[in-house]
Amino acid sequence: MGVHVKAIEALRTPQMKTFLMSLPVFSIRVLDIVSSGEAKLLYHSITNLVWNVIELLGRDETTLALAEVTALLVNALERERECRGPWNRKRVRVRKKRVKVASLHTTNMAAAAA
């Protein structure tokens with residue numbers, strides 16, 4: 001219940017009222033732009049573009065070209081795996097330095113005394 005009260009208090013501002021009053025004007029302007037002649041031409045052009053892409057992808061030449069590209073990529077990846085396989089990786093060991101806490105404590109005490 002308390003969350004609802006806080007949410008309503010947060011929304012009850014002059015900025016929210018201004019936003020709500022400008023929302024219908026904004027939506028009418030968007031609808032005007034969408035229904036203009038240029039927008040209709042754009043929609044028609046996008047439809048033609050999608051149809052031409054579908055026809056292009058459906059051709060046998062495109063399928064053959066995609067198969068060739070896929071074969072080249074697989075070949076390159078296999079060669080890369082042979083060169084950098086798990087047996088050829090360099091193992092890097094991280095060495096941790098052990099620091100004695102007692103020696104640091106005495107060093108800090110001596111520095112503080114000086």
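Position 1 is the first residue of the sequence, and the numbers go up from there.
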Could you name each residue pair satisfying side-chain hydrogen bond (donor to acceptor under 3.5 Å, both in side chains) that touches residues 16-39, not counting sequence neighbours? none
Rounded to the nearest 0.5 Å, how far does CG of Leu57 lie from CG of Asn52? 11.0 Å
Gap separating the CG atom of Leu72 from the CG atom of Leu77, nearest 0.5 angstrom: 11.0 Å
What's the spacing between Asn48 CG and Tyr43 OH if we round to 0.5 Å? 15.5 Å
Of Val69, Thr63, Thr62, the one forming a side-chain contact (heavy atoms from CB on, under 4.5 Å) with Leu66 is Thr62
Taking only residues two or more places apart in sequence or in another chain, which ones pass side-chain contact (heavy atoms from CB on, under 4.5 Å) with Ile8? none
Enter the distance from Met16:CE to Phe19:CZ here, rounded to the nearest 0.5 Å. 6.5 Å
Are Leu11 and Met21 connected in a single hydrophobic cluster, I mean Ile/Leu/Val/Met/Phe/Trp/Tyr linked by side-chain heavy atoms less than 4.5 Å apart? no
